[in-house]
Number of protein chains: 2
Amino acid sequence: MEQLLDILKKNQLSVTAGRKKILELFLSSPGALAHADIEKNTDAAFDRVTVYRTLQTFVDKGIIHNIPTSDNSILYALCKDKCEQGHHHDNHVHFICDKCNKTICLDDVTIPEVRLPKGFRPKHAEMVVSGVCDDCK
Amino acid sequence: MEQLLDILKKNQLSVTAGRKKILELFLSSPGALAHADIEKNTDAAFDRVTVYRTLQTFVDKGIIHNIPTSDNSILYALCKDKCEQGHHHDNHVHFICDKCNKTICLDDVTIPEVRLPKGFRPKHAEMVVSGVCDDCK
DNA sequence: TACGAGATTGCAACATTAGTGCAAATATCT
DNA sequence: AGATATTTGCACTAATGTTGCAATCTCGTA
């Protein structure tokens, strides 16, 4: 609970019920969350628009980052220590379980470097592995 | 042009104007295409629904595959030889250029294996690198 | 503790993107 | 060319995301 306030204050965000609740969800969730998950888990206590804006604020501040997916959903997950405003460092692999459909941040698995063709300047890399997770195996 | 018919026939698809045009677009495009790109490039000659259905059919048949993106867009790109119905083998890296915003299949760059934590069974991996492409550097 | 400026929220309306059923049109095979 | 099965387009519905603005809330200051 202290952690919640810490994070919000560290990012110069005023503490509101919505931000507390949504941040709490992320802190207590092992995986990534979609907008829809958040609405479900808050019993729609907050307006859709508020959720959108809160997520956007959190991304801007570097509290959460989004994860690429092949379908058209946007997933969000907590950033680790090294993320700051406008400067994300989430260079870990994400895992999507085909059975339970959860997305999990593998914080200890860093994205390997790849050799690109001539002329390509890489700046950022994302890697998503899908399969069966530890819980579902 | 022969190639077009070949691909369609090989996949037991009847040859229609829409499928020809859309497949032609993919064959002549260096990068990935979104639904919107296709509508633009065909001057809306085909119904939106037809485009959706055609893309879905192509994915099902293994002619194209979709590419994960961090925003909420769905991108499609041609599959290479080894893709068959219900069985994609597009294990190459995708590159998104921050300047021209194009998505390019780096067919020669294969996705490296990663060591996952205990209990995780990987089945498929996606990797997207962003930065500046050869044309924009 | 009460106040006020500024930030945040909720509502309503709007915009975009995607999916479905069904009748009309088209492709394929003979 | 004609029959059959597939494909297309239209109308409708649904889900998802965005914007303006008034009401509400937060936080520093008194």
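Here the structure is a predicted model, which is why all the values come from computation and not from measurement. In what follows, chains are A, B, ... by sequence order, proteins preceding strands, each numbered from 1. These numbers come from the heavy atoms of this one structure, side chains and all, not from hydrogens, waters or symmetry mates.
Put simply, CD on E126(A) and OG1 on T69(A) are 10.5 Å apart, with the number rounded to the nearest 0.5 Å.
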Nucleotide by nucleotide, 5' to 3', does protein get under 4.0 Å of the base (B), only the sugar-phosphate (S), or neither (-) in nucleotides 19-30 of chain C, counting heavy atoms? BBB-----SS--

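Among residues two or more places apart in sequence or in another chain, the side chain to side chain contact (heavy atoms under 4.5 Å, CB included) test is passed with S130(B) by H124(A), I96(B), D98(B). The side chain to side chain donor-acceptor pair (under 3.5 Å) search around D134(B) returns K137(B), not counting sequence neighbours. Residues satisfying the side chain to side chain contact (heavy atoms under 4.5 Å, CB included) test with D135(B), not counting sequence neighbours, are C133(B). The side chain to side chain contact (heavy atoms under 4.5 Å, CB included) test applied to I7(A) returns Q3(A), N11(A), L23(A), L27(A), I63(A), not counting sequence neighbours. Every residue two or more places apart in sequence or in another chain that forms a side chain to side chain contact (heavy atoms under 4.5 Å, CB included) with R53(B) is listed here: V49(B).
K20(A) places its NZ atom 14 Å from the C1' atom of dT8(C), with the value rounded to the nearest Å. What separates CG of D60(A) from P of dT8(C) is a distance of 12 Å, to the nearest Å.
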Which side-chain N or O atoms in residues 109-117 of chain A pair as donor and acceptor under 3.5 Å with protein atoms at least two apart or in another chain?
none

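Listed by residue number, there are no residues of residues 34-42 of chain A with a heavy-atom contact under 4.0 Å to DNA chain D.
Grouped by direct or indirect side-chain proximity (heavy atoms under 4.5 Å, Ile/Leu/Val/Met/Phe/Trp/Tyr only), Y52(A) sits alone. Hydrophobic cluster membership of V132(B), counting Ile, Leu, Val, Met, Phe, Trp and Tyr whose side-chain heavy atoms lie under 4.5 Å apart directly or via other members: none, as it forms a cluster of its own.
The side-chain hydrogen bond (donor to acceptor under 3.5 Å, both in side chains) contacts involving residues 28-38 of chain A comprise H35(A)-E39(A), where partners must be two or more places apart or lie in separate chains.
When DNA chain D is scanned in the 5' to 3' direction for atoms under 4.0 Å from non-hydrogen atoms of chain A, the outermost contacting nucleotides are dT16(D) to dC27(D).
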